[in-house]
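Notes for the one structure printed next.
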Protein chains: 4
Amino acid sequence: MPENSVSKPRTKPPEERRDELMAAAERLFLEKGVEQTTIEEITTGAGVAKGTFYLHFSSKADVLQALRARFVQAVLDGIVAAVGGCREEDWRGKLAAWSTACATGYLDAAGLHHFAFVAAPPATREGLSRNILIDHLSELIADGAGENAWSADDPGFTAVFLFNALHGVVNQPGIAETTSARAELLRAIEAHFLRVLGLRSGID
Amino acid sequence: MPENSVSKPRTKPPEERRDELMAAAERLFLEKGVEQTTIEEITTGAGVAKGTFYLHFSSKADVLQALRARFVQAVLDGIVAAVGGCREEDWRGKLAAWSTACATGYLDAAGLHHFAFVAAPPATREGLSRNILIDHLSELIADGAGENAWSADDPGFTAVFLFNALHGVVNQPGIAETTSARAELLRAIEAHFLRVLGLRSGID
Amino acid sequence: MPENSVSKPRTKPPEERRDELMAAAERLFLEKGVEQTTIEEITTGAGVAKGTFYLHFSSKADVLQALRARFVQAVLDGIVAAVGGCREEDWRGKLAAWSTACATGYLDAAGLHHFAFVAAPPATREGLSRNILIDHLSELIADGAGENAWSADDPGFTAVFLFNALHGVVNQPGIAETTSARAELLRAIEAHFLRVLGLRSGID
Amino acid sequence: MPENSVSKPRTKPPEERRDELMAAAERLFLEKGVEQTTIEEITTGAGVAKGTFYLHFSSKADVLQALRARFVQAVLDGIVAAVGGCREEDWRGKLAAWSTACATGYLDAAGLHHFAFVAAPPATREGLSRNILIDHLSELIADGAGENAWSADDPGFTAVFLFNALHGVVNQPGIAETTSARAELLRAIEAHFLRVLGLRSGID
DNA sequence: AATGAATGAGTATTCATTCAT
DNA sequence: AATGAATGAATACTCATTCAT
């Protein structure tokens with residue numbers, strides 16, 4: 001009974017199904033956040049039944065990590081290519097290439113990086129780019145620039161840049177567990193802050 | 001029969017109860033994450049009944065935001081005091097004071113800042129301080145330092161610093177919506193990267 | 001220390017407090033339904049503290065039943081007065097007066113009857129088949145039958161029949177919003193009452 | 001080893017599950033009231049897990065309305081069949097058939113009508129003044145009036161009047177418990193219906 | 001009489017995961 | 001490989017009622 005022998009087969013190569021599920025998950029995670037997305041929405045989005053999800057992933061965290069790995073690898077590939085295009089001895093060029101390629105990879109992912117590394121608490125989506133600490137720092141930078149203590153084209157940008165940098169280094173697990181490690185950390189932060197503003201660090 | 005003349009009154013001033021609830025919530029959020037903490041655990045931790053929670057907060061998000069506000073304000077107070085201790089014209093000192101006071105505030109809070117701005121997905125706790133992109137950048141910085149292209153006391157630190165800085169500026173909502181804004185963003189990131197390594201940016 | 005000797009006394013005569021609570025409850029029950037109204041809303045509406053409610057009523061069902069009793073009594077009073085105004089032998093007039101007075105009482109209560117009889121399941125399961133209004137009507141029908149004013153095999157049945165009919169037509173949302181619609185409604189009810197007792201309506 | 005070739009499949013056709021859930025809900029609503037019945041009790045009663053309820057209904061109000069719709073439709077079907085059995089010009093017979101069929105439908109439902117119309121506040125506020133049974137009765141009255149079988153100034157009003165009257169008398173606890181009481185009740189309802197339309201009841 | 005902080009039992013609803021087909 | 005009905009643990013939130021002051 002070859003009634004529908006050419007009907008589209010319900011079964012697809014695993015690779016393809018997996019990709020479709022990841023695509024659906026990525027879109028939903030971006031749209032409404034990881035926490036707010038249900039497995040059922042992912043399978044509906046991918047056009048398969050609920051149970052099919054578990055044929056390819058073991059949990060929501062599993063897709064998330066697959067997405068993460070894919071994203072990071074893609075950015076890294078871009079960086080490697082860009083940096084590789086520089087002359088061997090052009091270190092400044094390499095550094096510039098690194099920053100640009102990394103930022104480009106992020107921007108192209110349009111928000112994917114947000115949940116790639118961090119969870120997205122809607123209420124705090126702006127927490128690291130807009131808060132009273134950043135405002136305060138921004139003002140300080142602008143004031144100093146006004147007094148020619150340093151130059152700063154865009155104090156707001158530099159403030160976000162520095163605040164996140166600080167937040168990141170301070171947030172490393174296990175950092176500053178001893179008094180001396182802490183002192184060293186603070187010294188390093190300070191030196192980097194000064195450098196960003198074009199000042200030599202005190203020790204040099 | 002003054003058996004219990006100082007017997008603990010079941011009812012306390014609202015202020016005090018609220019603080020106890022916040023303290024219990026903070027401890028639990030730190031210990032097991034915001035998501036993993038139950039309202040009931042908070043009230044049990046504060047030694048009150050479940051319903052009492054709702055006499056002071058409307059939801060878990062509500063306590064979280066109260067905690068956040070308190071933390072940020074405390075850090076800001078420390079910064080203001082530190083910066084205020086500098087001579088009016090000592091801009092370098094002010095900047096150094098800012099970085100140190102802010103970092104100190106964070107470190108003293110012992111992890112509180114983590115959920116203050118970001119949600120804490122256990123699996124990704126290290127996402128922003130340890131990943132292949134940071135490793136790659138760290139290596140690049142170390143290599144360049146080895147070739148005297150720049151100096152870097154601690155390439156790993158600088159890599160985390162720069163990676164988070166980049167992540168932060170790139171993650172600003174609405175940034176880089178136009179082509180020119182994007183170009184400008186990339187240029188600014190590059191310039192800041194170069195400065196951190198002690199290089200003049202190309203334009204200067 | 002007569003600091004505020006003329007300040008309004010917190011305590012009022014029980015009667016008055018009770019009335020205020022009933023008034024608040026009635027308003028809220030009408031506005032948002034019995035089920036949807038909380039004790040706290042009632043006390044807030046009456047301008048007293050939560051605990052005060054329990055000084056006057058034992059539960060929400062208790063106020064409801066007090067409201068019910070008051071409403072039914074008021075309607076009955078109106079009926080008795082109206083019927084009493086008829087000549088002793090004017091049975092048709094008495095029946096017409098009964099229907100009009102009862103309907104008027106209902107309409108004036110503007111929806112109160114809805115929850116007075118309907119919206120309280122267990123306690124009122126018998127509300128529409130056994131109450132003092134039905135008893136009164138039943139008696140009137142029996143008396144009239146005894147005087148051969150009309151025939152009624154089962155006055156109790158007919159009373160329940162008529163009472164429910166009246167309740168139903170009067171309870172139609174939006175009915176009797178204008179004066180003329182109201183007059184027309186009363187006329188129609190009266191005519192139907194007379195017909196049920198086998199009397200020609202006045203107009204015919 | 002055909003030990004259980006007819007083993008009960010855990011999964012059943014949706015239709016069947018839905019019916020089982022409705023049956024359990026109906027029984028419980030009747031036994032202890034809508035308000036007092038828990039979703040969990042319904043699922044336990046239907047022999048399924050709690051979550052299964054939400055596969056078929058969105059809330060308790062949802063089952064209630066499904067029950068209501070089913071009940072009303074069943075009564076209407078009975079009425080249509082009964083009325084359809086009358087000769088075209090036998091208006092008195094049609095009206096009598098209507099009252100008897102409707103009352104019978106109600107009595108057979110043994111209390112279901114109570115919560116079908118009464119015990120469900122918001123959505124059913126109009127239940128007793130606007131439903132398909134009333135519409136059907138209204139049409140019958142209008143048609144009969146058009147044929148001069150009786151006079152009716154406002155068929156819609158009379159329909160609401162009669163429907164509520166019938167609903168009330170039928171809803172009396174303990175009524176029609178014996179076959180003869182039931183016959184007597186039906187006879188009385190019919191007689192009152194005829195009287196309202198100005199017809200002499202058959203017996204007289 | 002009045003207060004209002006505290007209580008905690010009671011329940012609806014969600015959703016990841018399983019498994020028989 | 002795929003399905004989707006069924007599961008049931010997990011939890012936030014409400015609100016009537018109490019009681020120490």
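Lettering of chains follows the sequences in order, A, B, ..., and the numbering in each one begins at 1.
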Check your understanding: Under a 4.5 Å cut-off applied to non-hydrogen side-chain atoms, are C/K32 and C/E41 in contact?
Key -> yes

**Study point:** Earlier contact from the 5' end, DNA chain E, for B/P14 and D/G51
**Key:** B/P14

Check your understanding: Under a 4.5 Å cut-off applied to non-hydrogen side-chain atoms, are C/T37 and C/I42 in contact?
Key -> yes

Review point. Could you give the CZ-to-C1' distance, from B/R18 to E/dA5, as a whole number of Å?
Key: 16 Å

Practice item. Round to a whole Å and report the spacing from CZ of D/R17 to C1' of F/dA6. Key: 8 Å

Check your understanding: E/dA2 C1' sits how many Å from C/E40 CD, rounded?
Key -> 15 Å

Review point. Closest nucleotide of DNA chain E for A/T37 versus for D/Q36: which of these residues is on the 5' side?
Key: D/Q36

Review point. Starting at the 5' end of DNA chain F and moving along, which residue's nearest nucleotide shows up first, D/P13 or C/S58?
Key: D/P13

**Study point:** From B/L67 atom CG to B/E26 atom CD, the distance as rounded to the nearest 0.5 Å
**Key:** 5.0 Å

Check your understanding: Taking atom C1' of E/dA16 as reference, at what distance in whole Å does atom CG of A/L21 sit?
Key -> 15 Å

Check your understanding: Which listed nucleotide (E/dA6, F/dA6, E/dT7) is nearest to the side chain of D/K12?
Key -> F/dA6

Review point. Would a 4.5 Å heavy-atom cut-off, applied to side chains only, mark A/E35 and B/E35 as touching?
Key: yes

Exercise for review: Give the rounded distance in Å between these two atoms: OH of C/Y54 and P of E/dG4.
Suggested key: 16 Å

Revision key, fill the gap. Base-pair string, DNA chain F, Watson-Crick plus G-U, cut-off 3.5 Å on both distances, | for inter-strand, is .||||||||||||||||||||

Check your understanding: C/E35 CD to F/dC15 C1': how many Å, rounded?
Key -> 12 Å

Review point. On a plain distance test, is the side chain of C/K50 in donor-acceptor contact with the base of F/dT17 below 3.5 Å?
Key: yes

Point to revise | Nucleotide nearest A/L55 when distance is taken to its side chain, options E/dT3, F/dT7, F/dA2 | key: F/dA2

**Study point:** Under-4.0 Å side-chain N/O to phosphate OP1/OP2 contact, B/T52 with E/dT7
**Key:** yes

Review point. Is any NZ, NE, NH1 or NH2 atom of the basic residue among D/E15 and D/R18 found under 4.0 Å from an Asp or Glu carboxylate oxygen of the other?
Key: no

Review point. So, the side chain of D/T44 versus the backbone of D/E40: is there a donor-acceptor pair under 3.5 Å, distance only?
Key: yes

Study note, to complete from the structure: Between CD of D/E16 and C1' of F/dA5 the distance, given in whole Å, is 13 Å

**Study point:** D/V48, nearest nucleotide to its side chain (from F/dT3, F/dT7, E/dA12)
**Key:** F/dT7

Review point. Given F/dA5, F/dT17, E/dT13, which nucleotide is nearest the side-chain atoms of C/S59?
Key: F/dT17

Review point. How do C/K60 and D/H56 order along DNA chain F: which one's closest nucleotide is nearer the 5' end?
Key: D/H56

Exercise for review: Round to a whole Å and report the spacing from CD1 of A/I39 to C1' of E/dT14.
Suggested key: 13 Å

Study note, to complete from the structure: Side-chain atoms of B/T11 come closest, of E/dT7, F/dT7, E/dA5, to E/dA5

Check your understanding: Under 4.0 angstrom, heavy atoms only, what part of the nucleic acid is B/T38 near: base, sugar-phosphate, or nothing?
Key -> sugar-phosphate

Review point. Heavy atoms, side chains only, cut-off 4.5 Å: are B/R17 and B/F53 in contact?
Key: no

Point to revise | Polar side-chain atom of B/K60 near backbone of B/I39 as donor-acceptor pair, under 3.5 Å | key: no

